[in-house]
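One structure is given here, and the rest of the page talks about it.
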Amino acid sequence: MALVIHNTLTRRKEPFEPLQKNKVGIYVCGVTTYDKSHLGHARSAINFDVVVRHLRGKGYDVKHITNFTDVDDKLIARAHELGVEPLDLSRQMIDEYFSVMDKLKIRRADAYPKASETIPDIIEMIKGLVDKGFAYESRGSVYFIVRRVKDYGKLSGQSLDQMIVGTRKEPGEDKRDPMDFALWKAAKPGEVSWDSPWGKGRPGWHIECSAMCLKYIGTTVDIHGGGTDLVFPHHENEILQSETFNEAPFVKYWMHNGMLTVNEEKMSKSLKNFFLVDEVLKRYSPQTIRFFILNASYRQPLDYSEDSLDEAKKSLDKLQDTYTALLSVGGNATGADGMEEACTEAWERLTQAMDDDFSTREAIAVIFELSRTANRKLADGSLSNTGVDRLVSTYRRFNDLFDVLKEERRRLIPTRDETRLQDTVTAQIDLPIDRNRISDDNYIDELVQMRENARRRKEFDRADRIRSRLAELGIEIQDTPEGAVWKRK
RNA sequence: GCCGGGGUGACAGAGAGGCCAUGUGGCGGACUGCAGAUCCGCAGACAGGAGUUCAAAUCUCCUUCCCGGCCCCA
């Protein structure tokens, strides 16, 4: 079964063939570390997390690199406002980044290079570009001569002449051509800067990615990813720099994730319509957030709203309930229950979906269908122990990719236990619940047992009160033919 | 202006020539003391127009609306 990836370069799905058999170098553009991450950043991280997981699951030896842009105008400005050193602010934001991304279960990349720590490589590359005649120095800054590259615009489809019409870029006083872009920016007084052959300064935005790709992966990377908003000019310019310097193709497959929107408009700092990841995490679980993101195609825009997060939660609960049930109950039937075939088929379809340009939405649909089969079997008691095991392991494999399910079990209080019908506390209807003990499973078992006893005695009023009191404490009781089952919400 | 991507049932959102998407919600039923969960069934759709084809959400053309990019941005 062959993996196909939608390549922005050709705007088509192409069979995935890495440069070296079984090895994949993937570079994903990271964030500028001047502020906390919003959900849009999380979307990108989650999408590429799953891309990497699937590649690894297919047996590829993956090297995943994601950068931090820690030298940047906005960062400098923000640090200045706050009265801190830019690199200190950056360190703080990087901690922040890892803190939320870890919560979202993003597997760490193999390296997170920072622009500030890649300066020698960057300078090396700029020198090379100057030597080749594709860049020039002007008042301490260095610019790339865009017009010297003949196949300009192959990624974004932009043509230089068209663009100039629409652009209002003022010819920077140091640039020879308004289309040229900075490889190296001369330092203004008091700014963070590094020594270079052109004097003190700092790298331009695009060059760090080119330098890092070369340093950590090689002249050609298999997959280069990022948001669609980076296609132009960032990625286009990376191509110019890298291909000119390396004289080799820069990227085999360009992958771009769609924007997260709010009321159909791009979520962004400048529009102030963003939701910070740590804020959203206060209201929704990491699993819900991942599910929300993965329940859409990565290339399309996805609209954020509380309603859609709520719906994602409901949907995910359905899957989780089935998984929890499977983890909690053993099978009782003997002989063939058809789960081997069902699981094999589901897994095949799921893999096919993932191989089709990482169609996570379709993969999720497959799991829902398997859930229906499982629930049906669960209800009519026709699952065998091996059937349960097969289902559980299929869910686990799914979860290795998606990481949206918890390994949670529920507790069953069997109804059949006649000896426990006598309550110690029968008098009061509103029994006092000891809040200090609510985290104690055995205590909850006791309470649920009391309710169960009340039900047996047809004291439904009392039973319902216990149920609603527990519900207030986040404990949900469900009655099943086998007895009452409870779990923490 | 130029370059991209889109308009799918009540909603979210897949699919890319013939067949079921899936989830939420709605309606009916089973189960149940009730609730919930679950199962079974039902309704409801491909922006508009023209064309290609035995067959079109799916391909072509036109119209229209929306979003993204062209300063920064995942």
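Letters A, B, ... mirror the listed sequences (proteins, then strands); counts begin at 1.
Checking B/rG13, B/rG69, B/rA16 against the side-chain heavy atoms of A/Lys13 singles out B/rA16 as nearest. In this structure, of B/rG36, B/rU24, B/rC34, it is B/rU24 that holds the atom nearest to the side chain of A/Glu311. Candidate nucleotides B/rG13, B/rA74, B/rU22 were compared by shortest atom distance to the side chain of A/Leu260, and B/rA74 ranks first. When distances are taken from the side chain of A/Arg372 to each of B/rC40, B/rA74, B/rU38, the shortest belongs to B/rC40. Distance from the side chain of A/Ser44 is smallest for B/rA74 among the nucleotides B/rA74, B/rG6, B/rG13. Listed candidates were B/rA14, B/rC3, B/rG13. Nearest to the side chain of A/Asp303 is B/rG13. When the nucleotides B/rG6, B/rU38, B/rA37 are ranked by their closest atom to the side chain of A/Gln478, B/rA37 comes out on top. Candidate nucleotides B/rU24, B/rA14, B/rC39 were compared by shortest atom distance to the side chain of A/Glu362, and B/rA14 ranks first. For A/Arg361, the listed nucleotide lying nearest its side chain is B/rA12; candidates were B/rA12, B/rC34, B/rA74. In the set B/rG33, B/rA74, B/rU22, the nucleotide with an atom closest to the side chain of A/Asp464 is B/rG33.
Looking at heavy-atom distances under 4.0 Å, A/Glu369 makes contact with sugar-phosphate atoms alone, never a base. Contact annotation for A/Lys458: no contact, since no heavy-atom pair falls under 4.0 Å across all strands. Using a 4.0 Å heavy-atom criterion, one finds that A/Lys314 contacts the sugar-phosphate atoms exclusively. Note on A/Ser305: nothing from the nucleic acid sits closer than 4.0 angstrom, heavy atoms only. When heavy atoms are screened at a 4.0 angstrom cut-off, A/Ser308 is found touching no nucleic acid atom at all. Residue-level contact check: A/Asn375 touches the backbone only, with heavy atoms under 4.0 Å from sugar-phosphate atoms and none from bases. When heavy atoms are screened at a 4.0 angstrom cut-off, A/Gly258 is found touching base atoms of the nucleic acid. If you check every strand for non-hydrogen atoms under 4.0 Å, A/Gly40 touches a base. Within the nucleic acid shown, A/His38 comes within 4.0 Å of at least one base atom, counting heavy atoms only. Among the atoms of the strands shown, none is found under 4.0 Å from any heavy atom of A/Val231. Looking at heavy-atom distances under 4.0 Å, A/Leu230 makes contact with sugar-phosphate atoms alone, never a base.
Contact check, A/Lys266 against B/rA74: no side-chain N or O comes under 4.0 Å of OP1 or OP2. Look at A/Arg376 and you'll find a side-chain N or O under 4.0 angstrom from OP1 or OP2 of B/rC40. Considering only side-chain N and O atoms, A/Asn257 lies nowhere under 4.0 angstrom from the phosphate OP1 or OP2 of B/rA74.
Between the P atom of B/rU38 and the CG atom of A/Leu326 lies a distance of 13 Å, rounded to the nearest Å. Atom CD of A/Glu264 is separated from atom P of B/rG68 by 9 Å (rounded to the nearest Å). Between the CE atom of A/Met255 and the P atom of B/rA74 there is a distance of 18 Å, given to the nearest Å. For A/Leu370 and B/rA21, the CG to C1' distance is 16 Å, given to the nearest whole Å. Atom C1' of nucleotide B/rG36 and atom CD1 of A/Ile466 are separated by 17 Å, given to the nearest angstrom. Atom pair A/His224:NE2 and B/rA74:P shows a separation of 12 Å (rounding to whole Å applied). One atom, CG of A/Leu309, and another, P of B/rG13, lie 12 Å apart when rounded to the nearest Å. We find that CD1 of A/Ile106 is positioned 12 Å from C1' of B/rA74, with the value rounded to whole Å.
Remark: B/rA10 base-pairs with B/rU24. Criterion, Watson-Crick or G-U wobble with two distances under 3.5 Å. Base pairing of B/rG68: its partner is B/rC3, meeting the Watson-Crick or G-U wobble criterion (both donor-acceptor distances under 3.5 Å). Base pairing analysis places B/rA47 opposite B/rU63; the two distances defining the Watson-Crick or G-U wobble pair are each below 3.5 Å. Shown here, B/rA37 forms no base pair; nothing in the strands shown gives a Watson-Crick or G-U wobble contact with both key distances under 3.5 Å. Using Watson-Crick or G-U wobble geometry with both donor-acceptor distances under 3.5 Å, B/rC31 finds no partner in any strand shown.
Classification of B/rA14 as anti follows from a glycosidic angle more than 90° from 0.
Aromatic ring pairs are classed by plane angle as parallel below 30°, tilted from 30° to 60° and perpendicular above 60°; the pair A/Tyr323 and A/Tyr395 is parallel. Below 30°, between 30° and 60°, or above 60°: for A/Tyr304 and A/Phe292 the angle between ring planes is above 60°, a perpendicular geometry. Ring planes of A/His235 and A/His224: perpendicular class, angle over 60° (limits at 30 and 60°). Classification of the A/Tyr253-A/Phe16 ring pair by plane angle, with boundaries at 30° and 60°, yields tilted.
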Inset, instruction - Report the C-alpha separation of A/Asp49 and A/Arg53 in whole Å, then their side-chain angles, then the decisive distance to 0.1 Å, and conclude whether the salt bridge (Lys or Arg N to Asp or Glu O under 4.0 Å) test is met. - result: CA-CA 6 Å; A/Asp49 178 47; A/Arg53 286 180 189 226; 3.1 Å; yes
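B/rG13 and B/rA21 have their C1' atoms separated by 10 Å, given to the nearest Å. Comparing B/rU8 with B/rA57, their C1' atoms are spaced 7 Å from each other, to the whole Å. Separating the C1' atom of B/rC31 from that of B/rC40 is a span of 11 Å, rounded to the nearest Å. Comparing the C1' positions of B/rG69 and B/rC59 gives a spacing of 28 Å, expressed to the nearest Å. Straight-line distance between the P atoms of B/rC42 and B/rG48: roughly 26 Å, to the nearest whole Å. Separation of the C1' atoms belonging to B/rA43 and B/rA47 is 23 Å when rounded to the nearest angstrom.
By the 6.0 Å and 45° rule, A/Arg108 stacks over the aromatic ring of A/Phe98. Judged by the 6.0 Å and 45° rule, A/Lys114 forms no cation-pi pair with A/Phe68.
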Donor-acceptor contacts under 3.5 Å from residues 293-301 of chain A side chains, at least two apart:
from, atom 1, to, atom 2, distance (Å)
A/Asn295, OD1, A/Arg361, NH2, 3.4
A/Ser297, OG, A/Arg299, N, 3.4
A/Tyr298, OH, A/Asp357, OD1, 2.8
A/Tyr298, OH, A/Asp357, OD2, 3.2
A/Arg299, NE, A/Asp357, OD2, 3.0
A/Arg299, NH1, A/His6, ND1, 3.3
A/Arg299, NH2, A/Asp357, OD2, 3.4

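No side-chain heavy atom of A/Lys13 sits under 4.5 Å from any side-chain heavy atom of A/Ile5.
For a distance-only test at 3.5 Å, the side chain of A/Asp479 qualifies as a donor-acceptor partner of the base of B/rC34.
Stacking between A/Phe460 and B/rG33 is present: the aromatic ring centre lies within less than 5.5 angstrom of the base six-membered ring centre, and the two planes differ by under 30 degrees.
Residues A/Asp229 and A/Leu271 both approach RNA chain B. Their nearest nucleotides, taken by heavy-atom distance, put A/Leu271 toward the 5′ side.
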